[in-house]
Number of protein chains: 2
Amino acid sequence: MDSFPEIAKNSETIIRMPTVRRLPRYLRLLIELKSEGKDFVSSEKIAQALDLKPIVVRKDLAFTGNCGKPRLGYSIEHLIISIENVINFRGKDTAFLAGVGNLGSALLGYKGFEKYGLNIAAAFDLDKEKVNKTVHNKDVYPLEMLPVLAARLHPYIGILCVPEESAQEVVEKMVSCGIKGIWNFSNKELKVPADVVLQNEDLAAGLAVLSISIDKKSKAPVQ
Amino acid sequence: MDSFPEIAKNSETIIRMPTVRRLPRYLRLLIELKSEGKDFVSSEKIAQALDLKPIVVRKDLAFTGNCGKPRLGYSIEHLIISIENVINFRGKDTAFLAGVGNLGSALLGYKGFEKYGLNIAAAFDLDKEKVNKTVHNKDVYPLEMLPVLAARLHPYIGILCVPEESAQEVVEKMVSCGIKGIWNFSNKELKVPADVVLQNEDLAAGLAVLSISIDKKSKAPVQ
DNA sequence: TATATATCGATATTTTAGTATCGAAAAATA
DNA sequence: TATTTTTCGATACTAAAATATCGATATATA
């Protein structure tokens with residue numbers, strides 16, 4: 001009856017966001033372990049390396065449909081494949097980036113994205129000084145060319161690094177070109193249609209957490 | 001008996017992290033509303049602007065020790081002050097930044113940090129080409145000078161933008177100089193002493209969430 | 001001044017995330 | 001081959017976060 005015995009029976013159907021956020025960390029560790037020639041790893045070892053609890057690791061990995069082996073742990077090879085399948089499900093996601101300022105340029109130069117299935121196919125800017133050049137080997141086009149290039153390259157994801165004033169306008173352009181997800185690095189609260197996903201990266205949020213955590217720790221009676 | 005009637009009696013003592021992450025969003029909105037000349041705002045209005053539910057807003061704001069007025073909502077002025085008090089509690093937090101690559105430079109140029117109480121006092125790099133220059137008006141020093149400058153400037157926060165290979169080494173240098181919080185933009189899993197706070201900013205986590213959310217939405221039966 | 005209405009905030013409930021426990025299973029060892 | 005040991009994964013439990021309900025209250029309106 002069960003044609004996939006190596007898939008955990010109880011592997012939960014809906015993956016949870018805290019788990020999703022940890023998957024890249026597992027992936028990085030596993031790739032490192034593989035390069036060291038290791039074949040198996042236990043949830044205990046993973047937990048130690050990533051400062052998590054073993055039970056969290058086991059629950060997370062259950063979502064990827066993996067089966068660990070008693071006394072051995074998980075097959076590193078299999079884990080890498082199944083995590084990559086979860087994160088990187090559509091192969092290389094074609095993305096457009098708008099706003100080649102400091103942060104936009106930094107993202108264009110970030111080598112890690114391809115590992116996670118993201119391919120920034122083109123960059124756009126309003127500034128005449130910045131267009132028709134390349135930044136980190138990525139072509140920068142004037143914003144007007146977005147529809148034309150979108151028709152050719154079919155981007156899924158739009159990475160938004162423009163100033164707040166133009167953010168909503170640029171998003172609407174992206175959405176009308178068929179982009180299905182907006183990765184928003186501006187601090188503008190954007191409105192997108194219901195079928196478009198909006199992922200806000202708020203640096204200030206991380207900073208606020210850090211500040212308050214420092215405060216808490218300094219006041220904590222015992223560590 | 002109650003000497004602070006304007007402070008909510010039930011204002012919870014321990015603030016929660018999801019709330020902390022939303023505070024900068026409230027703050028940005030409130031500052032905008034104030035600049036428009038508004039005096040009061042309701043949780044309903046805030047929720048609409050930030051795509052939250054009113055009840056979430058009310059619970060979050062309760063943590064800041066604020067009191068809303070029936071039929072009017074919250075005093076924008078008071079809210080701004082109390083949120084700033086929570087986030088920005090030590091005045092301007094002095095920070096050091098290490099690694100003046102693409103991302104490090106982008107962060108040095110980010111104007112928003114001062115709003116949240118962060119002052120990047122100095123930047124450091126190992127690369128001889130990069131040191132003894134300024135990037136976005138911030139001085140870049142050789143890494144060896146970190147202890148000397150730390151003794152003078154007493155940084156609380158270390159912002160880490162160095163390559164993975166040198167991340168642990170740089171962190172240890174920072175920690176030994178008395179830095180109490182590490183804001184880690186490298187993808188290295190760092191070890192820090194128990195009294196130091198580590199805040200990891202993992203771009204891949206955001207990307208994974210975005211990818212999977214797009215997938216979910218495209219499969220969702222009805223929106 | 002009396003009444004209607006909008007909005008807060010306390011309490012209770014539900015959902016989600018994380019943690020504990022322990023039996024089962026497979027590899028290692030005797 | 002039998003036994004021991006390690007590690008998983010199912011179930012149960014606890015904690016955290018989000019959501020629902022509704023009475024209280026201050027403002028606006030009649």
Side-chain angles (χ1 to χ4, degrees), chain A residues 2 4-23 25-26 38-76 78-79 82 205 209 212-213 216, chain B residues 2 4-23 25-26 38-76 78-79 82 205 209 212-213 216:
Chain A
D2 195 349
F4 294 102
E6 70 275 18
I7 302 286
K9 283 175 202 154
N10 216 31
S11 72
E12 320 236 1
T13 39
I14 41 153
I15 194 161
R16 290 180 294 187
M17 283 308 149
T19 296
V20 172
R21 298 190 67 83
R22 286 187 289 264
L23 289 181
R25 300 178 64 197
Y26 296 129
K38 304 229 171 71
D39 289 324
F40 285 84
V41 66
S42 68
S43 60
E44 177 74 43
K45 280 279 166 58
I46 295 175
Q48 273 170 20
L50 304 186
D51 197 23
L52 301 169
K53 309 226 166 148
I55 185 82
V56 172
V57 175
R58 287 206 296 277
K59 280 207 129 190
D60 284 346
L61 297 185
F63 277 108
T64 70
N66 247 271
C67 262
K69 286 189 183 182
R71 214 183 154 112
L72 277 181
Y74 299 86
S75 156
I76 290 171
H78 287 178
L79 266 190
S82 48
V209 170
I212 287 177
S213 302
K216 263 189 178 173
Chain B
D2 194 351
F4 294 102
E6 69 277 19
I7 302 285
K9 284 175 199 156
N10 217 31
S11 72
E12 320 236 0
T13 39
I14 43 155
I15 195 159
R16 291 180 294 187
M17 283 309 147
T19 295
V20 172
R21 300 190 66 84
R22 285 187 290 264
L23 290 182
R25 300 178 65 198
Y26 296 128
K38 303 230 172 74
D39 289 325
F40 284 85
V41 66
S42 68
S43 61
E44 177 73 42
K45 280 278 165 59
I46 295 176
Q48 272 170 20
L50 304 186
D51 198 23
L52 301 168
K53 309 226 167 147
I55 184 83
V56 173
V57 175
R58 288 206 296 277
K59 279 209 131 190
D60 284 346
L61 297 185
F63 276 109
T64 69
N66 248 272
C67 263
K69 286 190 184 181
R71 218 185 149 110
L72 278 182
Y74 298 87
S75 156
I76 290 172
H78 287 178
L79 266 189
S82 49
V209 170
I212 286 177
S213 302
K216 264 189 178 172

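On a predicted model such as this, the values are computed, not experimentally measured, just so you know. In the text below, chain A, chain B and the rest are named by the order of the sequence lines, each starting its count at 1.
- Nucleic acid contact class of A:L72 (heavy atoms, under 4.0 Å, all strands): sugar-phosphate only.
- Nearest-nucleotide mapping onto DNA chain C: of A:T19 and A:R58, the residue sitting toward the 5' end is A:T19.
- Rounded to the nearest 0.5 angstrom, B:L61 CG and B:Y74 OH are separated by 5.0 Å.
- Computed from coordinates, the A:K45 NZ to D:dT7 P distance equals 7 Å when rounded to whole Å.
- Atoms CD (B:E44) and C1' (C:dT5) sit 15 Å apart, rounded to a whole Å.
- The distance between atom OH of A:Y74 and atom C1' of C:dA26, rounded to the nearest whole Å, is 15 Å.
- For B:I55, the side-chain atoms get nearest to C:dA10 when compared with the rest of C:dA10, C:dT21, C:dG18.
- One interatomic measurement links the two molecules: NZ of B:K59 to P of D:dA16, which rounds to 13 Å at whole-angstrom precision.
- Rounded to whole Å, atom P of C:dT16 lies 7 Å from atom CD1 of A:I14.
- Here the side chain of B:R25 pairs a donor or acceptor atom with the backbone of B:L50 at under 3.5 angstrom.
- Distance check: B:L79 CG to B:F40 CZ gives 10.0 Å after rounding to the nearest 0.5 Å.
- Note on B:S43: only backbone sugar-phosphate atoms sit closer than 4.0 angstrom, heavy atoms only; bases stay farther off.
- Considering only side-chain N and O atoms, B:R16 lies nowhere under 4.0 angstrom from the phosphate OP1 or OP2 of D:dA16.
- Between A:P54 and A:R71, the residue anchored closer to the 5' end of DNA chain D is A:R71, taking for each the nucleotide with the nearest heavy atom.
- The minimum heavy-atom distance linking A:S43 with A:P54 is given by the pair CB-O, 3.8 Å.
- At least one side-chain heavy atom of B:M17 sits under 4.5 Å from a side-chain heavy atom of A:S213.
- Distance, A:K69 NZ to D:dG9 P: 12 Å, rounded to whole Å.
- One can place CG of B:D60 at 14 Å from C1' of C:dG9, the figure rounded to the nearest angstrom.
- Spacing between atom CG of A:L52 and atom C1' of C:dG18 amounts to 11 Å, rounded to whole angstrom units.
- The nearest heavy atom of DNA chain C to A:P70 and to A:R22 marks one nucleotide each, and the one closer to the 5' end goes with A:R22.
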